[in-house]
Structures are given as C-alpha cells and as structure tokens.
Amino acid sequence: MSIPSRWLSVPSSLARLSIRSRLLLIGTVLTIAALIAASLSVETVLDTYVRRSLNQSLDGQIGLLSRSVRPDGSVDRDMLVAIGPFTQYRRGWAWRIETPREAVSSTEQIGALDFREDGPRGREGHFRAPPELLRTGRSGDLYVRMLEKQTPGGAVRIVATAPHAVYERLRLAAVRPVLLILGGLSVILLATSIFQLQVGLLPLGRLKRSFEQVRSGRIARLPADQPAELRPLVQEANNLLDENEASLARARSHVANLAHSLKTPLATLSIKLRDPARDPDGELLELVGQIDRAIRHHLGRARAASPGAPGRPSLLLAPAVADLVDALQRIYVDRGIAFEPVVPQDMLVKCDPQDLSEMLGNLLDNAAKWGRTTVRIAAAEQERTIAIAVEDDGPGLSGPALEQALLPGQRLDERGDGHGFGLSITRELAELHGGALGLTRSTLGGLCAVLTLPR
C-alpha cells in the first residue's frame, strides 16, 4: 500500500532541523505516546484486577450473609450470630441486610447508604446462589458491594462495605511499580534511540569526510562501498564529478587549441614587424606583444582546474620553493640577493605544479628585482589553507599603489622590462585554485605578497 505524498510532506519548521534532530524528535514523541497508551491500558487492567480482588473478599462475606436469609425473606439471627461480625474489625468494614420487614447491620456505624454505582454489574457472584444481581459502587468514603435478590417475601439487599481508601491503596500499590518500570523503560528507549542515531548516522559522517577528501584532492571519487540508502546519492555525485571534469577538460582544450592556433601567426607577425621599414615607431610590435601576453595569460587560466577538481594533486611546497630559489640565485648572482626560505619540509599545498611554479616564480622574481639585500619566503598553515608570504627589503608601495599593482597591465614602476601582468596572473591563478593574493607592507621595509592556496 502506497503512502500519500501529502502525509510525507515536512512542515517548514521541521525542514530546518537536522536529520538527527528530526529522528530524535519523532522517536521521542512516538515513545511518549506509546508509553502514555501503555500506562492507560495497564492502569485499566490493574484497576480491574484490584476491583476483582476486593470484590472477591466482599463477595465471600455476602455469600455467608445470604445463608442467613430464609426463603420467605426473613433473617435468621441465630445464623448471623454464628457468622459473627465482618472478618475485618476496623472502621469501614461492615455489612447490612435489608428485607421488606427489617434491616440488620454489623455495626451501628453503617445505616442507609447513599449508594452510587460505579463498577461493573454481574449476574452471578463468586458463590453459588439463585439468579441475582451484584453491583459495585460507592457511598461516601465506603467501597460498596451489593447483592439484590428476589424472595417470595420480597426483595432482599445484602451489602458489604470496605474503606474506599483500601481500594485506592491497593490500586496505587499495583500501579506504582508498573509506572516506575514504564518510566525506566522510557529512559532506556530514549537512550537506545540516541545510540541508534549515533550508529545509524555514522555513514553520513563518513560520506561528509569523503566529500571533503574529494574537494581537497586526496581522492578522485566518492567510495562506492556505502549503505544501500546512500548508494544512489553517491552514484549521482560521482556521475556529476565525471561530467564536470569532462566539461572542464573540453573547455580548457578549446581555449588551449584557440590560443595555440593564434600563437604561430602572431610569432610570424612579430618577426616581420621587427623590420624597421614595416613598423618604424614600434607601435604595431607593441600591440602584437600585448596580444601575445593576453594569450599566454588565458592559457594559464585554461590550465588551472577549478578548486577541488578531481585529480588535483597535493604537492610538497618546500621542494618547489627550493627549485625556484636556486634558479633565481643564479639569475641575480651579481646583485648578491640573499634568499631566506622558511618552509616546513612536509607542508602540502593543493595546486597544479606548473601553476604553482608560475605563481611563486612571479612573486619571487618581483621581490628579487626590487629587494636590496634580502628576500624572505615563509609558509604557515591556516584552517584549510596555506599562507605563503614573500617579503623583500625594497622601497615597497604606498596604500593606493598596493591595490593598483594587482590590476592587469599595472606596473610597479615604469623602469625595467616588465609588462605589469605578473601579479594579476598570479592573483587570478590563485583564485581559480580557491586561494587569494594580497599585498601589504613587509616587516623588512619593502613589499609583502601573501599567496593563499588550499591544502
């Protein structure tokens, strides 16, 4: 039988709750409802049991008293003397016989009763007698059991009473342990539900960590070994990763193909424009250079995968920095620049190797150009990223110049052979990898470039 979809709709207030909170709330509500229903049912059963037990005691007395009633409806007092008073001698335990001619009581404390029936009726008691009517009720603070029978001499009523407090005490004595057991059971059920939730939701926690590993590049796909309920979700997620990777690869391929198809004609055009007769003032050659730099820039962007893309490797940062420092020391050997790398040997950074080399190369080369004596490279772990600081002791930049330096085509100084694209390319590559690039004043007195990349 299918369940109507409207029954499964979740109110907006519940939609914001976590799965753990929803299951715990539903389990608690259902457990409380079940315990209330069980308490009411058990209370009813125990009430019936207590009434039956007390009625048996009173019916035994009524059975004895009924023997003293003659067939004509008169009372055999000698028989009553033999029966004696009630088996209980405390207040409230009494009997009374009412016939058309007289009324006899075991004690003067019981007179005419203000009888109110509140219990089940029966055609027979717990003794053998002609057809008769037994009724249960209450009169003030007395619990009353009454037998009405017809005789040739008229209607006879035999009543046996007990303190109503006895009934309440017996009832409480029977119900209290059951309620305590149910209360303990409710605590055990809630604890079991919480434990069940902890164990049942463990696969979701593992799946979350698997997503984090995919995003960080430690694994390429979500593990297929999942509970049956999660396998369709994992399969769809892996399919989505496959499609995204294929789409990204096609897009990068198209951009790369377009850029490569333009590079050869541009190289040929650049060679021809080096002839002064064709470009006397060099303006055309400069335009061709700008086009070539833009192509190389977008080729760099095409190489950079999206943050967390499957297959993106985690690289050791220290060897990459060491290789660049070794190359730049040879380039700037005549200036005597001292490079001070402070990078932990086991630090990993998530980035394409070529992109990492290009970004760090741009920053280190810029620091070596403007530094006077020292270039410092330090790396530190943050929550989910690695911050790489490249500092120099050069002249540095003022506040407005720090922002302009990251714009494409903005040079730090008009001197030199740079074109102003190094820092902007580094920033865009960092952002494509889920990182950032910022410029501040260095403690050495010059510029401090902070490159942030995921780890």
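Count residues from 1 along the sequence.
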A quick test of your reading: do over 12 heavy atoms of other residues, nucleotides or ligands sit less than 6.0 Å from [atom1] of [X]?
| X | atom1 | result |
| --- | --- | --- |
| Asp225 | CG | no |
| Arg101 | CZ | yes |
| Glu102 | CD | yes |

Check your understanding: Under 4.0 Å between a Lys/Arg side-chain N and an Asp/Glu carboxylate O for Asp76 and Arg67?
Key ->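 Judged by the 4.0 Å cut-off on N to carboxylate O distance, Asp76 and Arg67 do not form a salt bridge.
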Check your understanding: Is a salt bridge present between Glu98 and Arg96, judged by a nitrogen-to-oxygen distance below 4.0 Å?
Key ->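 Salt bridge between Glu98 and Arg96, a charged N being under 4.0 Å from a carboxylate O: yes.
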Check your understanding: side chain to side chain donor-acceptor pair (under 3.5 Å) with Asp346: which residues, sequence neighbours excluded?
Key ->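 With sequence neighbours excluded, Asp346 shows a side chain to side chain donor-acceptor pair (under 3.5 Å) to no residue whatsoever.
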Check your understanding: Do side-chain atoms of Ser186 reach the backbone of Gly183 as a donor and acceptor pair under 3.5 angstrom?
Key ->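 Side chain of Ser186 to backbone of Gly183, a donor-acceptor pair under 3.5 Å: yes, one is there.
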Review point. Which is it for Glu243 and Asn239 under the side chain to side chain donor-acceptor pair (under 3.5 Å) test, yes or no, and what are the steps along the way?
Key: CA-CA 6 Å; Glu243 293 176 3; Asn239 291 341; over 6 Å; no
Point to revise | side-chain contact (heavy atoms from CB on, under 4.5 Å) between Thr374 and Asp392, worked out | key: CA-CA 6 Å; Thr374 305; Asp392 64 68; over 6 Å; no
Point to revise | Heavy-atom pair of closest approach, residues Ser210 and Pro223 | key: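 In terms of heavy atoms, the two residues are closest at OG-CD, 3.6 Å.
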Review point. Can you tell me how far CG of Leu222 sits from CG of Leu233, rounded to the nearest 0.5 angstrom?
Key: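 Spacing of CG (Leu233) from CG (Leu222) equals 8.0 Å.
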Point to revise | Polar side chain donor-acceptor pair, Gln354 to Ser357, under 3.5 angstrom | key: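 Short answer, no.
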